[in-house]
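Treat the numbers as computed from the prediction; the structure is a model and nothing was measured.
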Amino acid sequence: MRPYLEFTLADWSKSKSLAAFSGAALDSYRAQISDPDCVHAMCEDYRAGAAIERQHDAEDLAAGRKIQCPLHFVWSRHGFPARTGNPKALWSNWASNVTGTEIDAGHFPLEENPASILKAFVPIFQ
């Protein structure tokens, strides 16, 4: 599993390498992928997203239910959400008050560009 993990982490990062990940972060990812219960939970999360959560989302949308608290969505310029259109506009279907920030990173903005994450969120929490 470790080769798959490290390939995926590198492939999904902007630099296509593990350079953005600290030793502690890599150790944590490696420990998680080595734990069968953790891998099972990861698979169940993806399974729910492809099945029952889609049904629940459709029901909420049909009923006009939206997230009412402010939602600040952060997405990566080089990650999956950016390739699906306008992430902020997409979230407007699901929440009444949406703001957002695009981060120059791959799939892992916290590891790849932590300064931009702070810049995006500190004003919201003040």
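- Note on Leu110: it does not cluster hydrophobically with Leu5, by side-chain heavy-atom contacts below 4.5 Å among ILVMFWY residues.
- Taking hydrophobic clusters as Ile, Leu, Val, Met, Phe, Trp and Tyr residues chained together by side-chain heavy-atom distances below 4.5 Å, Trp91 does not share a cluster with Phe121.
- Not one N or O on the side chain of Glu112 forms a donor-acceptor pair closer than 3.5 Å with the backbone of Ala20.
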Report the C-alpha separation of Ile67 and Asn97 in whole Å, then their side-chain angles, then the decisive distance to 0.1 Å, and conclude whether the side-chain contact (heavy atoms from CB on, under 4.5 Å) test is met.
CA-CA 8 Å; Ile67 298 166; Asn97 180 5; over 6 Å; no
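- Relative orientation of the Phe21 and Phe108 rings is perpendicular, given thresholds of 30° and 60° on the angle between their planes.
- Residue Lys16 places its NZ atom among more than 12 non-hydrogen atoms of other residues, nucleotides or ligands, all under 6.0 Å distant.
- Hydrophobic clustering (ILVMFWY, side-chain heavy atoms < 4.5 Å, transitive): Phe73 and Leu90 are in distinct clusters.
- Side-chain atoms of Gln32 come within 3.5 Å of backbone atoms of Ser28 as a donor-acceptor pair (strictly under, hydrogens ignored).
- Put simply, CG on Asp60 and CD on Gln55 are 10.5 Å apart, with the number rounded to the nearest 0.5 Å.
- Shown here is Phe7, whose CZ atom has no more than 12 heavy atoms of other residues, nucleotides or ligands within 6.0 Å.
- Judged purely by atom type and a 3.5 angstrom limit, Asn113 uses its side chain to pair as donor or acceptor with the backbone of Asp104.
- Looking only at side-chain heavy atoms (C-beta outward), Ile103 and Ile117 come within less than 4.5 Å of each other.
- At least one side-chain heavy atom of Leu9 sits under 4.5 Å from a side-chain heavy atom of Leu26.
- For the 3.5 Å distance criterion, the side chains of Thr101 and His72 qualify, holding a donor opposite an acceptor.
- Trp75 and Trp12 fall into different hydrophobic clusters, where Ile, Leu, Val, Met, Phe, Trp and Tyr residues are linked whenever their side-chain heavy atoms come under 4.5 Å apart, directly or through other members.
- Judged by distance alone, the side chain of Gln68 and the main-chain N or O of Lys66 form a donor-acceptor pair under 3.5 Å.
- Looking only at distances, no side-chain donor or acceptor of Ser76 sits under 3.5 Å from a matching main-chain atom of His78.
- Note that the CZ atom of Arg54 and the CD1 atom of Ile52 stand 12.0 Å from one another [nearest 0.5 Å].
- Each of Leu71 and Phe125 belongs to its own hydrophobic cluster when Ile, Leu, Val, Met, Phe, Trp and Tyr are linked at side-chain heavy-atom distances under 4.5 angstrom.
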Verdict with reasoning, Glu6 to Tyr29, per side-chain contact (heavy atoms from CB on, under 4.5 Å)
CA-CA 9 Å; Glu6 292 179 5; Tyr29 279 116; over 6 Å; no
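- Counting heavy atoms from C-beta outward, Met1 and Arg30 have side chains that stay 4.5 Å or more apart.
- A distance of 10.5 Å separates CG of Asp57 from CZ of Arg65, quoted to the nearest 0.5 Å.
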